[in-house]
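The analysis underlying the following values was restricted to heavy atoms, covering all of them including side chains, and did not include hydrogens, waters or symmetry mates. Within every chain, numbering begins at 1; the chains are lettered A, B, ... in the order of the sequence lines, protein sequences first and strands thereafter.
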Number of protein chains: 2
Amino acid sequence: MFQDFTATTTPDQGPPRLARLREVLTAEGLDGFIVPRADAYQGEYVAPRDERLAWLTGFTGSAGFAMVLADKAGVFVDGRYSEQVKAQVAACFTPVDWPDVTLGEWLLREVAGSARIGFDPWLHTVAQIETLETTLRESGIALVGVANPIDRIWEDQPDPPTAPATAQPLEFAGEPHTDKRARLASQLAKAGQACTLLTQPDSIAWLLNIRGQDIPRNPIAHGFALLHRDGTVDLFMDPVKLETLEPHLGSALRVHAPDTLRPTLRSLDGPVRLDKATTPVILAETLAEAGVAISWDSDLCALPKARKNAAEIAGTTEAHLRDGAAMCDFLAWFETAAETGITEIDVVRKLEESRRATNALLDISFDTIAGSGPHGAVIHYRVTNETNRPLTAGDLLVLDSGGQYRDGTTDITRTLPVGTPGEEERAAFTRVLKGMIAISRLRWPRGLAGQHLEAIGRVPLWQAGQDFDHGLGHGVGVYLCVHEGPQRFSRLSDVPLEPGMILSNEPGYYRPGAFGIRIENLVLVEEAPAIADGDAHRKMLQLRTLTHCPIDRRLIDRSLLAEEEIKWLDSYHETCRRVLRGRVASTTEMWLDHATAPL
Amino acid sequence: MFQDFTATTTPDQGPPRLARLREVLTAEGLDGFIVPRADAYQGEYVAPRDERLAWLTGFTGSAGFAMVLADKAGVFVDGRYSEQVKAQVAACFTPVDWPDVTLGEWLLREVAGSARIGFDPWLHTVAQIETLETTLRESGIALVGVANPIDRIWEDQPDPPTAPATAQPLEFAGEPHTDKRARLASQLAKAGQACTLLTQPDSIAWLLNIRGQDIPRNPIAHGFALLHRDGTVDLFMDPVKLETLEPHLGSALRVHAPDTLRPTLRSLDGPVRLDKATTPVILAETLAEAGVAISWDSDLCALPKARKNAAEIAGTTEAHLRDGAAMCDFLAWFETAAETGITEIDVVRKLEESRRATNALLDISFDTIAGSGPHGAVIHYRVTNETNRPLTAGDLLVLDSGGQYRDGTTDITRTLPVGTPGEEERAAFTRVLKGMIAISRLRWPRGLAGQHLEAIGRVPLWQAGQDFDHGLGHGVGVYLCVHEGPQRFSRLSDVPLEPGMILSNEPGYYRPGAFGIRIENLVLVEEAPAIADGDAHRKMLQLRTLTHCPIDRRLIDRSLLAEEEIKWLDSYHETCRRVLRGRVASTTEMWLDHATAPL
């Protein structure tokens with residue numbers, strides 16, 4: 001079982017550790033220290049040794065940070081975690097609504113006069129520290145990069161992970177790393193950049209066609225890489241992870257111990273391309289102090305990685321069919337089990353079991369969200385033994401999950417009724433579905449970004465005075481991170497959508513304390529074929545749906561759907577039946593036929 | 001008659017003037033000179049003395065510029081004017097597709113080695129010259145601000161306009177200028193700015209509750225103003241324009257001759273707030289050379305001007321009813337006259353006549369666009385005696401027009417069939433209508449900008465492989481400019497929409513060489529009332545339609561409309577009938593009843 005349900009922290013652990021940290025800060029002449037959730041790679045999941053925030057405070061959410069002062073310690077979390085943080089931290093910690101209150105604003109309010117605030121320059125990006133310094137300018141509050149004091153007081157802190165990496169077969173990667181390196185190197189040459197420092201493990205994994213096991217859920221290996229204008233790479237990664245990979249990596253790839261990175265940076269001829277949004281402050285400073293020119297730019301791998309090639313598309317298509325069949329096997333079971341007193345944990349177990357039965361599951365792509373009744377309104381709900389809840393007639397269950405397979409990464413949400421759903425729930429579900437169908441059916445002229453299109457999936461909710469407080473969709477990798485940039489269906493995303501990009505299409509609706517609804521398919525951006533009467537000169541794009549799995553018809557109020565929406569849904573279900581019928585368990589076939597019948 | 005149809009230039013005028021200009025450039029040691037359409041105020045309309053581009057080249061479009069070199073002279077125009085420029089300029093001018101080719105790129109290509117390119121620093125903004133200098137950096141091409149050589153060789157160049165300005169009555173302005181000045185002055189104080197230089201005549205007109213007559217179509221007076229942190233204003237404007245306004249302006253407003261502006265700037269204590277996008281280079285340089293600190297920021301009046309107050313809303317509502325009734329009187333005439341051999345010019349004349357009959361028309365708000373048949377596909381078509389075309393059975397007529405009234409500015413487009421329209425035209429018209437209705441019916445959460453919403457009005461066209469190449473809507477003033485920022489329904493606009501803003505809602509469709517379609521109403525952003533089952537905590541906005549005038553039912557394919565779209569249209573028409581019936585000519589009543597019957 002990948003997922004577990006035990007609470008790993010208690011509120012009690014916090015106070016003595018906080019006291020000990022404050023002693024160290026005083027000894028170092030610091031008035032405060034920032035403890036982020038992030039590691040040096042700024043990903044969503046961190047290794048056990050990097051769980052400094054949870055170790056210190058007890059808070060285990062996937063985003064946030066603590067600001068420890070002598071007399072106050074704020075724990076900054078966003079709306080998703082405002083309830084969780086109260087349950088997980090002791091009274092010596094003060095929850096702060098972030099980003100409504102930013103760290104800079106809070107410091108200006110809490111710190112009288114001058115102060116020295118420490119931070120670990122490995123754990124903060126250049127952009128983060130720049131923003132904070134701008135806010136604190138003229139305040140007398142100075143930011144000081146220091147060796148992490150938590151690492152000194154955390155006695156049984158685990159070692160960094162050293163799990164072996166593996167090669168991603170060309171069959172699934174679609175392009176040898178030699179070609180990728182040459183392609184990107186020519187971009188460096190064109191931009192007049194000598195090399196680029198890659199600090200995102202999924203960028204490195206994509207570039208070198210490797211996958212790792214350093215953290216759960218995301219198949220990446222921690223490390224940094226320098227890609228040079230001649231196409232060669234210096235990889236700074238514990239060599240023990242790469243022992244079996246010599247033939248795959250070849251001679252243009254030089255492996256170095258991680259602690260040689262900074263000396264190497266000092267010896268470079270610039271300009272070195274760096275991404276402000278992801279590069280740890282310490283690495284930019286190392287270059288600057290050695291007089292090496294920096295060229296601020298985006299992550300060189302981000303866009304090429306986002307534009308999936310034919311092999312990646314074929315792989316992820318297959319992974320989605322496999323995963324869809326596993327979902328159906330689960331759903332067929334759920335339909336009979338739902339009202340027999342099963343709990344959220346039973347649901348998570350059974351679903352993972354169903355995916356494991358494919359014999360291809362390498363991990364789940366994130367911890368399954370199984371939120372029943374009021375838990376469904378907690379957008380990032382993770383069930384534990386403490387919160388576990390039996391499903392009750394009238395509940396909706398929001399079930400958001402995915403699998404990591406060698407050929408692809410999946411992410412699917414279905415909302416399921418337990419017993420007979422209420423009318424209000426059905427109306428809201430149908431509006432969410434209308435938005436999801438509007439995005440699925442969309443055709444649009446090339447050049448637009450997520451920020452231009454996202455609203456189209458919200459209009460049906462807006463018309464009813466409703467909305468949801470998360471983006472409509474995120475980018476997804478191919479056997480890589482389930483959250484991948486830069487493409488997003490978000491009002492903040494100005495990166496034009498391009499053929500080959502994979503995104504989620506996941507509108508929702510949440511009534512706090514009552515119920516939640518979310519419907520999610522993954523979609524692939526592709527060129528739209530010409531249409532009779534269409535403008536011949538316009539290059540248009542459309543979405544191909546990758547996810548195949550029935551959408552629960554009991555939750556749909558047919559009278560709220562337009563003809564073309566019914567047509568889309570019936571056609572989607574017909575496709576589901578056709579492509580999944582040979583893949584589901586024989587005991588699921590009847591369920592599938594029934595679940596995919598026309599509305 | 002405000003509009004006229006005579007061509008004011010000929011291609012023949014260009015060559016001798018170009019030769020004379022080149023002589024002056026040689027004498028001055030310049031290798032080239034930029035001749036923009038713009039005046040120092042960067043508006044859409046310019047005074048006769050500022051028609052330098054038309055005088056030199058013959059090109060009369062509302063946007064563009066010429067780049068004169070010793071052996072080549074490029075005339076840069078956008079897609080709207082690519083045909084017109086060919087007809088208007090002589091062979092010594094080379095049309096350039098702009099902005100596909102930028103001025104900087106063209107110069108890099110055409111100029112070998114080093115060169116001194118002159119420009120008039122009154123006619124270019126800081127942002128324009130910065131962008132150009134960035135492109136030319138390291139090229140050996142230097143930009144040199146010079147006194148305008150055209151003004152030396154243009155012997156009968158008209159004087160600057162000196163038409164008297166008038167006070168905008170408080171009844172329509174809604175807020176005394178004392179209050180406006182105090183309100184904005186406190187914003188300056190808060191931002192630590194000593195004063196701001198206002199260079200946009202409509203900002204000054206709004207701030208001081210005055211209107212002018214210096215140029216056609218836009219009721220503004222040319223001038224510059226300094227608003228100080230104490231709320232007082234120095235106005236640099238020919239005093240002759242303000243002779244009757246002393247009581248209105250009061251003692252906190254000091255009027256100065258325009259030529260005292262630069263000496264005054266030199267004597268200021270900064271920081272002076274300036275908008276890079278609109279401030280003439282020479283004024284920023286004057287400050288910089290005198291060591292006065294500059295604070296780059298947006299036009300301080302832009303947002304307050306865009307948020308119309310209750311009096312402005314009441315005024316423009318009344319202006320739209322008056323204008324809608326005049327439109328109906330025209331349309332009733334048109335229905336019988338359309339197939340009697342009338343021309344585009346007849347249409348423009350009759351429509352202006354109908355608006356004049358209100359006895360309230362102060363000007364038209366822009367030159368009426370009356371494009372029949374293939375002319376309808378020319379988005380900014382202006383009929384002249386040369387292009388005038390008789391309406392023919394089967395034509396569509398795109399009729400885009402508006403009026404300037406003391407209480408408001410209108411802008412309306414209706415597309416009208418001549419005889420029986422074709423099926424393809426009706427289908428496209430209905431899709432445009434669907435988009436227009438989608439925007440009209442929209443409700444959305446506060447905080448979103450035009451770039452987030454515009455696509456909603458395009459989806460029906462996109463689904464058919466069609467689109468249109470202009471924004472969905474622009475901001476509109478109240479007895480001010482018909483094109484007003486910063487609010488826009490455009491993929492480029494990131495300014496959140498706020499209650500009180502007025503925008504156009506004008507999707508279209510254009511088949512070059514065949515036909516055009518556009519439907520335009522003005523809409524007002526307002527708070528949306530709560531809805532049963534809506535999220536209680538969400539502040540939502542909606543649009544109130546200001547324009548009332550029937551949409552031609554003969555062009556609608558009812559089978560393509562959803563029930564709620566039919567409901568919207570029937571309800572809109574019912575309202576039109578109710579609010580206009582007492583205002584139209586008695587001979588129009590029957591037409592109105594018929595035109596507003598349910599679908």
If you count heavy-atom pairs within less than 4.5 Å of chain B, which of A:L448, A:L453, A:D494 leads?
A:L448
Salt-bridge test for A:K539 and A:E527: reply yes if a basic N is under 4.0 Å from a carboxylate O, no otherwise.
no
A:S440 side chain to A:M436 main-chain N or O, any donor-acceptor pair under 3.5 Å?
yes
Look at the side chain of A:S493 and the backbone N and O of A:F489, then say whether any donor-acceptor pair between them is shorter than 3.5 Å.
no
Contacting moiety of A:R538, where chain B heavy atoms sit under 4.5 Å:
side chain
Rounding to 0.5 Å, atoms CG (A:D100) and CG (A:D78) come to a distance of 9.5 Å
Flag, side chain of A:S82 to backbone of A:G79, donor-acceptor distance under 3.5 Å:
yes
Checking heavy atoms, do the side chain of A:Q451, its backbone, both or neither come under 4.5 Å from chain B?
both
Lys/Arg-Asp/Glu bridge criterion (N-O < 4.0 Å) met for B:D297, B:R273
yes
Salt bridge flag under 4.0 Å for residues B:R511 and B:E424:
yes
Do B:Y510 and B:H470 make the cut of ring centroids closer than 6.0 angstrom?
yes
Between A:P445, A:A528, A:A455, which residue shows the highest count of heavy-atom pairs closer than 4.5 Å to chain B?
A:P445
For residues 458-468 of chain B against chain A, heavy atoms under 4.5 Å, the residues are B:V459, B:W462, B:Q463, B:A464, B:G465, B:Q466, B:D467, B:F468
